[in-house]
Enquirer: 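First the structure, which I've put down as structure tokens, then a few questions once you've had a look.
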Amino acid sequence: MSSQKIPSKHTAAVVKNPGENCKMVIEEIDTPKPGPGQVLVKVTHSGVCHTDAHLMRGDWSAAGADMLCQVGGHEGVGSIVSLGPDVQNCAVGDKVGMAWIRQTCAVCTMCMGNGTETRCPNQSNHGRDADGSFQQYAIVPTNYLIKVPEGIDDVDVGPVLCGGVTVYKALKVSEAKPGQTVAIIGAGGGLGHLGVQYARAMGLRVIGIDGGEDKEKLAKKLGAEAFVDFTKTKDVVGAVKEITGGKMCHAVVVVAASASGYATAPLLCGKNGTMVAVGLPGGHVEIKITPMTLFANGTRIVGSNVGTRGDMEEALDFAARGLVKPTVAVHKLSELEETLDDLIKGKISGRAVIDLWA
Ligand code: NAD
Ligand code: ZN
């Protein structure tokens with residue numbers, strides 16, 4: 001086993017008591033040694049995804065998705081500092097990413113299917129059932145270790161590893177073609193602002209929907225042709241109707257982490273349009289559409305979850321070629337809890353990123 005000098009302890013944001021009364025404490029914890037098939041990564045930065053907030057607050061408990069580990073985070077980037085026994089497909093010094101999927105079983109029907117590995121029922125996830133990237137050193141199994149290409153600033157890598165790949169995959173799932181129109185509900189947030197850029201790079205026309213002037217400015221700067229502010233516009237459907245000259249959208253990608261984001265989503269689809277559910281608000285949220293609307297419009301409603309390793313390679317390549325660049329605000333680890341609060345309040349435009357060493 002080759003290794004660099006590694007401290008016996010490192011700084012981590014430890015979540016105590018996940019659920020309504022959760023608390024985050026910055027602590028020194030033991031630095032583990034990588035086992036067979038694992039590496040130890042010195043994490044430099046980690047994006048802060050709304051999923052981290054859902055998990056810590058127990059938003060998804062009713063759906064059986066509780067936080068079972070003590071350190072969150074799944075948009076981590078860093079370099080390998082130590083290899084476990086028998087690891088051969090990577091080397092100390094490699095720049096790598098750790099994303100939501102930590103490991104899949106590789107043998108179930110979903111893993112063997114074409115592009116369905118993200119639905120492996122036996123998967124484990126960083127920041128959910130295994131400690132994630134809100135710490136200075138993390139263990140990562142090699143089979144989902146992401147090799148980071150040249151050409152992306154370190155601070156920009158994390159947001160692509162979950163936010164970017166997820167919204168890129170959702171756009172692919174929507175099957176919208178160049179020249180067609182996609183509405184992105186949540187266009188000024190972490191996933192959404194990347195979605196605007198991926199959509200543009202894929203030749204799509206974008207209507208951004210979100211709330212507040214900062215998010216409007218950001219979505220338009222990144223290429224949204226029109227913006228609907230859901231906090232000011234009572235009739236979002238009517239607004240989109242006016243923008244599209246009555247045709248509505250070929251695709252609607254919902255990345256809002258709120259029930260209200262889903263309230264009108266299927267109705268923004270035009271004939272043969274597709275609504276893609278990505279945002280996962282807590283509580284009981286239903287997507288409402290009548291059989292008559294489905295009959296008349298042929299609306300397709302699908303869900304999309306993160307992306308495969310192949311999708312990840314493509315999503316990173318867009319960023320490496322400069323077609324997609326996350327808009328980030330960098331914070332210290334000690335500011336993580338406050339950052340998550342701001343995310344929940346909808347105050348963050350683009351993506352917050354934690355510098356683990358600041
Ligand atoms: P975020 O908070 O950065 O962005 C959400 C945005 O939605 C915010 O800008 C907010 O203002 C906006 N919004 C809220 N209500 C709205 C409404 N009614 N209309 C329009 N916009 C509205 O969060 P994020 O990190 O981008 O994550 C978004 C959601 O996606 C979360 O629920 C997260 O858990 C989920 N997610 C799902 C997957 C997946 O694989 N399906 C992957 C990553 C994240
Ligand atoms: Zn995420």
Side-chain angles (χ1 to χ4, degrees), residues 46-57 59-60 63 65 72-76 98-101 118-119 123 125-128 132-133 158-170 173 183-196 207-216 218-219 224 227-234 236-237 239-240 252-265 268 276-283 285 302-308 311-312 315 326-329 339-353:
S46 176
V48 183
C49 179
H50 210 118
T51 292
D52 298 311
H54 290 309
L55 282 168
M56 288 176 200
R57 307 292 159 118
D59 287 353
W60 299 339
H74 56 273
E75 288 190 348
M98 52 192 292
W100 173 245
I101 297 184
T118 61
R119 302 204 190 280
Q123 70 185 272
N125 303 113
H126 285 125
R128 183 169 91 89
S133 51
V160 179
L161 300 178
C162 175
V165 71
T166 300
V167 76
Y168 168 62
K169 179 59 178 271
V173 165
I184 299 181
I185 303 184
L191 270 63
H193 89 289
L194 293 167
V196 175
I207 299 173
I209 304 176
D210 209 314
E213 274 172 29
D214 288 351
K215 293 189 181 179
E216 173 165 9
L218 181 62
F227 185 87
V228 180
D229 189 328
F230 79 97
T231 62
K232 294 186 190 148
T233 312
K234 278 220 169 91
V236 172
V237 178
V240 170
V252 177
V253 175
V254 189
V255 291
S258 69
S260 62
Y262 280 96
T264 52
L268 304 185
V276 189
V278 174
L280 300 167
V285 178
V302 292
S304 187
N305 69 335
V306 289
T308 62
D311 296 319
M312 184 72 85
T327 297
V328 300
T339 303
L340 286 162
D341 282 343
D342 285 348
L343 198 60
I344 291 164
K345 290 178 191 142
K347 284 189 185 170
I348 294 184
S349 299
R351 197 53 130 191
V353 171

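Counting starts at 1 for both ligands and their atoms, in listed order. Heavy atoms only: backbone and side chains are in, while hydrogens, waters and symmetry mates are out.
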Enquirer: Looking at every heavy atom in both V196 and A187, which two are closest together, and how far apart are they?
Expert: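 So the two residues come closest at CG2-O, 3.9 Å.
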Enquirer: Would you mind reporting whether L268 and V237 have side-chain heavy atoms less than 4.5 Å apart?
Expert: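 Side-chain contact under 4.5 Å: yes.
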Enquirer: Tell me, which protein N/O/S atoms are under 2.8 Å away from the Zn ion (ligand 2)?
Expert: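 Near the Zn ion (ligand 2), the protein supplies C49 SG, H74 NE2, C162 SG.
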Enquirer: State whether a side-chain donor-acceptor pair under 3.5 Å links T339 with D342.
Expert: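 Judged by distance alone, the side chains do not pair up.
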Enquirer: Looking at every non-hydrogen atom in both residues, tell me the closest pair between G186 and V255 and how far apart they are.
Expert: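 Closest approach of G186 to V255: O-CG2, 3.7 Å.
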Enquirer: Going by heavy atoms in the side chains, are H74 and I101 under 4.5 Å from each other?
Expert: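 No. Closest side-chain heavy atoms not under 4.5 Å.
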Enquirer: Report the residue from D210, T327, V167 that forms a side chain to side chain contact (heavy atoms under 4.5 Å, CB included) with H193.
Expert: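 Going through the options one by one, the only one that passes is T327.
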Enquirer: Tell me whether N305 contacts the main-chain N or O of T118 through its side chain, where contact means a donor paired with an acceptor under 3.5 Å.
Expert: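 Yes: the side chain of N305 pairs with the backbone of T118.
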Enquirer: One pair per line, please: each N/O atom of ligand 1 matched with every protein N/O atom under 3.5 Å away, atom names first, then the distance to 0.1 Å.
Expert:
from: ligand 1; atom 1: 2 (O); to: H50; atom 2: ND1; distance (Å): 2.7
from: ligand 1; atom 1: 3 (O); to: G190; atom 2: N; distance (Å): 2.8
from: ligand 1; atom 1: 9 (O); to: G189; atom 2: N; distance (Å): 3.4
from: ligand 1; atom 1: 9 (O); to: D210; atom 2: OD1; distance (Å): 3.3
from: ligand 1; atom 1: 9 (O); to: D210; atom 2: OD2; distance (Å): 2.7
from: ligand 1; atom 1: 9 (O); to: K215; atom 2: NZ; distance (Å): 2.8
from: ligand 1; atom 1: 11 (O); to: D210; atom 2: OD1; distance (Å): 2.6
from: ligand 1; atom 1: 11 (O); to: K215; atom 2: NZ; distance (Å): 3.2
from: ligand 1; atom 1: 15 (N); to: S258; atom 2: OG; distance (Å): 2.7
from: ligand 1; atom 1: 18 (N); to: S260; atom 2: OG; distance (Å): 2.8
from: ligand 1; atom 1: 18 (N); to: G261; atom 2: N; distance (Å): 3.2
from: ligand 1; atom 1: 21 (N); to: G186; atom 2: N; distance (Å): 3.4
from: ligand 1; atom 1: 23 (O); to: H50; atom 2: ND1; distance (Å): 3.3
from: ligand 1; atom 1: 25 (O); to: H50; atom 2: N; distance (Å): 2.9
from: ligand 1; atom 1: 25 (O); to: R351; atom 2: NH1; distance (Å): 2.7
from: ligand 1; atom 1: 26 (O); to: G190; atom 2: N; distance (Å): 3.4
from: ligand 1; atom 1: 26 (O); to: L191; atom 2: N; distance (Å): 2.8
from: ligand 1; atom 1: 32 (O); to: H54; atom 2: NE2; distance (Å): 2.8
from: ligand 1; atom 1: 32 (O); to: L280; atom 2: N; distance (Å): 2.9
from: ligand 1; atom 1: 34 (O); to: T51; atom 2: OG1; distance (Å): 2.8
from: ligand 1; atom 1: 34 (O); to: H54; atom 2: NE2; distance (Å): 3.4
from: ligand 1; atom 1: 40 (O); to: V306; atom 2: N; distance (Å): 2.7
from: ligand 1; atom 1: 41 (N); to: V278; atom 2: O; distance (Å): 3.0
from: ligand 1; atom 1: 41 (N); to: S304; atom 2: O; distance (Å): 3.0

Enquirer: Any idea which heavy atoms bring R351 and V48 closest together, and the distance?
Expert: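 It is NH1-O, 3.2 Å.
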Enquirer: Measuring from atom CD1 of I348 to atom CG of D214, what distance do you get when rounded to the nearest 0.5 angstrom?
Expert: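 Here the interatomic distance stands at 11.5 Å.
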